[in-house]
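Basis for what follows: all heavy atoms, side chains included, without hydrogens, waters or symmetry-related copies. Note that the structure is a prediction, hence the values are computed from the model and not measured. By convention in this document, chain letters (A, B, ...) are assigned in the order of the sequence lines, proteins followed by strands, and residues within each chain are numbered from 1.
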Number of protein chains: 2
Amino acid sequence: MSDHEHSRCENCIIRQMNSFKALKKEELKQMADNKKTKTIKKGDIIFKEGERLGGVFCVRNGISKLSKMSDNGRDQIVKIATKGEVLGHRSVISSEATNLSAVALEDMEVCFIPKSHIEEPLQTNPVFTNAVLKHMAQELKFADDIIVNMAQKTVRQRLAEILLYLEENFGTDKEGYLYLQLSRADIADVVGTATELLIRTLTKLKKEGLVLTAGKRIQILDKKALLHIVEGL
Amino acid sequence: MSDHEHSRCENCIIRQMNSFKALKKEELKQMADNKKTKTIKKGDIIFKEGERLGGVFCVRNGISKLSKMSDNGRDQIVKIATKGEVLGHRSVISSEATNLSAVALEDMEVCFIPKSHIEEPLQTNPVFTNAVLKHMAQELKFADDIIVNMAQKTVRQRLAEILLYLEENFGTDKEGYLYLQLSRADIADVVGTATELLIRTLTKLKKEGLVLTAGKRIQILDKKALLHIVEGL
DNA sequence: CGCCATGTTGACCCAATTCAACGAGAGTGG
DNA sequence: CCACTCTCGTTGAATTGGGTCAACATGGCG
């Protein structure tokens with residue numbers, strides 16, 4: 001493996017984007033010596049709901065979905081995780097099996113970090129622990145928002161919200177289409193509905209001139225109108 | 001104020017039930033000297049969404065609901081918090097305004113603890129910080145479950161689940177009725193639906209012989225059947 | 001070229017919301 | 001004590017939203 005300077009955690013830019021920035025030099029060195037960088041192909045499973053993770057996965061590049069299977073057999077996507085995010089920290093912290101599955105939506109590069117290198121700083125480095133704590137507090141707040149959305153909003157509202165989210169967080173290509181090309185099924189799994197209804201709802205937005213589609217690609221035409229949909233009915 | 005032995009945090013039984021058990025004697029002493037015990041009447045607001053809390057509320061007695069207002073004007077109850085639970089820790093940790101409102105469902109006794117007495121141990125007492133961290137990890141997992149339920153399950157399934165939850169967590173009186181008597185509107189706000197539909201769904205369960213109602217009181221007759229509803233359709 | 005996964009549409013049925021009306025208990029003030 | 005009102009629970013009926021099954025299109029990809 002070509003372990004050059006960029007694969008040393010100390011120099012990893014990703015570190016600036018998450019709680020790892022609170023780690024000390026020695027801790028990072030330890031981590032760098034034990035981490036395993038993995039290349040993951042689009043569609044590959046990083047981990048599956050119910051597995052016990054021996055560590056966390058730090059996303060170096062690419063985008064993944066975190067989902068949970070419902071009793072009725074449908075997947076619900078709970079989060080889309082990208083560069084800089086750490087997967088599996090929740091289950092390492094509570095030393096339980098994961099409640100979520102992680103699947104790559106694009107080719108990815110992730111670093112697997114054995115849990116001992118997380119657990120130890122959690123005991124000894126309060127700055128790190130507090131950074132993680134703050135991060136989880138944020139996640140909890142987002143989760144509350146999602147609960148309310150799922151419980152109270154229509155598919156149309158949730159779709160509008162996700163389209164805006166995708167543009168906000170992943171941007172567009174030069175032609176103005178959303179950079180992240182989720183399949184209709186994936187979008188449906190985020191929204192929490194059947195793909196047929198998702199498609200119908202999207203088609204309606206298209207007819208109203210708020211979005212534009214070309215194959216699986218989607219472009220937002222009227223951001224304001226979408227925002228308006230998200231809020232009122 | 002009758003500050004007897006039971007009002008010293010060091011001796012508070014509640015402490016055994018939450019992260020405060022990880023606090024050291026001196027920290028508890030400090031806390032005891034600065035906390036304010038408050039009596040809160042049924043229906044009273046403990047705090048409102050958007051407020052900046054100067055500390056956390058430790059529930060000594062009674063039951064409260066934590067809810068968030070949706071854009072469409074309906075309240076969504078996100079959690080029911082009871083004896084031993086700490087309210088407002090999330091917003092203190094991330095030093096933001098609360099995203100939730102807390103209202104008493106019964107007469108309550110809560111201790112208000114100024115945030116400094118939380119923040120300081122978070123910096124200096126890793127055992128405490130880790131206890132809080134673990135607790136939040138649990139909450140996050142529950143939140144994921146709720147998201148999936150809201151997104152994928154019917155009102156009937158969610159109602160069945162909540163009835164079982166209420167029995168499991170708050171028990172029944174001697175006649176077998178659920179101890180915690182939520183109003184139909186509150187149950188609807190937990191389930192995430194209109195009270196009319198909630199009532200209709202409950203009535204159906206009654207006709208099927210799975211539950212029994214007397215005024216606002218509810219009794220579970222067939223736990224197994226309810227469990228079956230929760231899982232399959 | 002043909003295959004398989006994905007996207008799309010129709011039609012039907014059940015789930016859920018909404019508005020409207022009414023009933024039943026719980027104060028409250030005369 | 002009664003009448004009044006207020007909140008809460010309950011039911012009806014109309015309408016819309018959403019799920020499901022089946023059929024068909026389409027578009028990469030071997």
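Atom CZ in B:Arg184 sits about 13 Å away from atom C1' in C:dA24, given to the nearest Å. When rounded to the nearest whole Å, the span between NZ of B:Lys42 and P of C:dA26 equals 12 Å. One atom, CD1 of B:Ile199, and another, P of C:dT17, lie 13 Å apart when rounded to the nearest Å. Whole-Å rounding puts the B:Ile187 CD1 to D:dC8 P distance at 14 Å. To the nearest angstrom, C1' of C:dT8 lies 12 Å from CG of A:Leu198. Straight-line distance from the CG atom of B:Leu202 to the P atom of C:dA16: 15 Å, rounded to whole Å. The distance between atom NZ of A:Lys207 and atom C1' of C:dT8, rounded to the nearest whole Å, is 11 Å. In this structure, A:Lys216 atom NZ and C:dA5 atom P are separated by 15 Å, rounded to whole Å.
Considering only side-chain atoms of A:Thr193, the nucleotide from D:dG18, D:dT11, C:dT9 that sits closest is D:dG18. Minimum atom distance to the side chain of A:Thr154 is reached by D:dG17, of the listed C:dT8, D:dT10, D:dG17.
Among residues two or more places apart in sequence or in another chain, the ring pair (Phe, Tyr, Trp, His ring centres under 6.0 Å) test is passed with B:Phe20 by none.
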Grab the N/O contacts between the protein and nucleotides 28-30 of chain D below 3.5 Å, and write none if there aren't any.
none

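One finds no side-chain N or O of A:Arg200 lying less than 4.0 angstrom from the OP1 or OP2 phosphate oxygen of C:dT8. Between A:Thr203 and the phosphate of C:dT8, there is no side-chain N or O to OP1/OP2 separation shorter than 4.0 Å. Neither OP1 nor OP2 of D:dG17 sits under 4.0 Å from any side-chain N or O of A:Arg156.
Salt-bridge formation is detected for the pair B:Arg217/B:Asp173: a Lys NZ or Arg NE/NH1/NH2 atom is positioned less than 4.0 Å from an Asp or Glu carboxylate oxygen. Ion pairing between A:Glu167 and A:Lys223 holds under the 4.0 Å rule for side-chain N and carboxylate O. Under 4.0 Å is where a charged nitrogen must lie from a carboxylate oxygen, and between A:Lys79 and A:Glu85 at least one such pair does.
To the nearest 0.5 Å, atoms CD1 (B:Ile93) and CE (B:Met136) are separated by 4.5 Å.
The 5' end of DNA chain C is approached more closely, in terms of each residue's nearest nucleotide, by A:Ala185 than by the other of A:Ala185 and A:Ala151. Of the two residues contacting DNA chain C, namely B:Lys204 and A:Thr195, the nearest-nucleotide position lying further toward the 5' end is that of A:Thr195. Sequence order on DNA chain D of the closest nucleotides to A:Glu196 and A:Val155 puts A:Val155 first from the 5' end.
With hydrogens and angles left out, the side-chain atoms of B:Gln138 and A:Glu96 include a donor and acceptor closer than 3.5 Å.
Applying the side-chain contact (heavy atoms from CB on, under 4.5 Å) test between B:Leu87 and each of B:Val56, B:Ile46, B:Leu100 identifies B:Ile46 as the sole match.
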